[in-house]
Amino acid sequence: MNLSLYNTMSRTVEAFEPLERRHVRMYCCGPTVYNFAHIGNLKTYVFEDILRRTLEAAGYRVTHVMNVTDVGHLTDDGDEGEDKMVKSSKEKGLDVHEIARMYTDAFFHDTDALNILRPHVACRATEHIEDMIALIKRLEAKGHTYVAGGNVYFSIDTFPDYGKLAKLNLEELKSGARIDVDENKRNPKDFALWFTKSKFENQVMVWDSPWGVGYPGWHIECSAMSMKYLGESFDIHCGGIDHIPVHHTNEIAQSEAATGKPWVKYWVHGEFLINETGKISKSKGEFLTLSVLQEKGFDPMDFRFFCLGGHYRSQLVFSWESMDAARNGRRNLVRQVRALKEQAAASSVLCAEAQSYVDEFSGHLGNDLNAPRGLATLWSLLKDNSIKPGDKLGALYRMDGILGLGLDSPEQEKEEETAIPHQILALVEERLKAKREKNYHRADELRAIVEKAGYKLTDTPGTTQVSKTL
RNA sequence: GGUGCCGUACCCAAGUGGUAAGGGACAGGUUUGCAAAACCUCCAUGCACCGGUUCGAAUCCGGUCGGCACCUCCA
């Protein structure tokens, strides 16, 4: 399987060649655990999961590392603003560590529900403060830092390639166009590595350091932890597209300034999920989480299926109508798979025709993760009556190894029996009797009554199933 | 003000020079007393608009209009 990926650094699709022959080292920016993940966040993790599964399907051993940001960071990249962890902790009346634990659990609960493979290493920022301090010391020794107003800053003017990822034009950037510039900074684009004198109110999350008691800047954790677990140069770094201009730009500066080596080979960024009003965010509009979707009757897999319908580098438009479409489409798929399962067991060796569908599918996924095309191939396979059920199922399972829709997992019969009132059951009985007597006029009357009461009747040979209308 | 992305049917969405994938909805049909399910069929001579290049353009170039994102913590 050939694999090519769009590299933000070169702005082109490049053939993928890892630094080590059969091993891929991948770092994904993880959640900041001061709140639930919203479905926009989750879209990015779905894309990263597709990337990982594609790499594995291509035969690579993957080491997947993700950070969990449990250090409080300010609502502002400068020295102002409120600490988000503290803010959340106050609102919930829990201490910051409890907040972090609660939202970390919630995060993995959601990603598990979406069948997203867990990273091999999920590292907490609070457990790597020493690594961050060591990295800052390294930068300090090389003259990339300065102390001002009690904080340690990275001086971007000491790093000639600053902004290469985002293609920032430093002359023309209007820093401070929308916010006030931190007056401690020599260059408005400088960023803090360590804070000691912020007016933080968080007395819990502070650590001792050579520069005084305080806490790390928000970019340093990713550099420190990724290099700790993946080495000073590794293959893939991914995250949301919003990270390009600031977070990843700063990570590159501090990482490469410290080591003097190229840091990351491929930068892969996922586009945003948006709705009619713009991006889905934590501070704007309705806060859409996976739980909200589930409360509205959607299965987490419906959301995964929905995400797979668009390309990861395109904005995807969320609407309830689209979710309905995704649910219908996925139910249709599951139904067909169930029918195949009843006919045959999945073949372990595929016939040539089935294999050619799998190859076509792999070609699409290998071509910068074109999941929508892959899905189209899956539907054509399903429709191809020249392929025997066992081969069809075997091919489907291979495709699903990447799609992760859980097609091979045993059917969980979700339709749990909600208690049907005995009045309704009595009406159903009466209707059955009318049916047997071929009194269809009466039977239809009874159907109307029962349906009006909020129950759906489905006739099967000899009996009738009752279920509550959603 | 700067930068980037985008505009494809009723909805979502692929498609980067060779004559519009796929899903959903809708409609028609087969079948079942009815209903549901299932199955079959149908669904863009056209890809925001206007010019240009080309044998050929949704795809390339120029312009216009519209949307989104980033330059602020953000997936």
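Nucleotides B:A58 and B:U16 place their P atoms 13 Å apart, quoted to the nearest Å. The separation of B:G28 from B:C65, taken at their C1' atoms, amounts to 40 Å, rounded to a whole angstrom.
Atom C1' of nucleotide B:C70 and atom CH2 of A:Trp267 are separated by 17 Å, given to the nearest angstrom. Rounded to whole Å, atom C1' of B:G23 lies 15 Å from atom CZ of A:Arg327. Atoms CG (A:Asn332) and C1' (B:A36) sit 15 Å apart, rounded to a whole Å. Rounded to an integer number of Å, the gap from OH of A:Tyr215 to P of B:C73 is 13 Å.
Along RNA chain B, the nucleotide nearest A:Gly30 and the nucleotide nearest A:Ser319 are compared for position; the residue whose nucleotide lies closer to the 5' end is A:Ser319.
Of the nucleotides present, B:A69 is the one that pairs with B:U3 by Watson-Crick or G-U wobble criteria, both distances under 3.5 Å. Applying the Watson-Crick and G-U wobble criteria (two distances, each under 3.5 Å), B:C39 pairs with B:G29. The partner of B:A9, taking Watson-Crick or G-U wobble pairs whose two distances both stay under 3.5 Å, does not exist in any strand shown.
Counting heavy atoms of neighbouring residues, nucleotides and ligands inside a 6.0 Å radius, atom CD of A:Glu445 exceeds 12 of them.
In this model, no side-chain donor or acceptor of A:Asn370 finds a partner on the base of B:G15 within 3.5 Å. A donor-acceptor contact under 3.5 Å links the side chain of A:Arg431 to the base of B:G33.
Geometrically, A:Arg313 engages A:Tyr6 in a cation-pi contact defined by less than 6.0 Å to the ring centre and at most 45° from the axis.
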Salt bridge (Lys or Arg N to Asp or Glu O under 4.0 Å) for A:Arg331 and A:Asp302? Distances and angles first, verdict last. CA-CA 9 Å; A:Arg331 280 183 178 170; A:Asp302 293 333; 5.7 Å; no

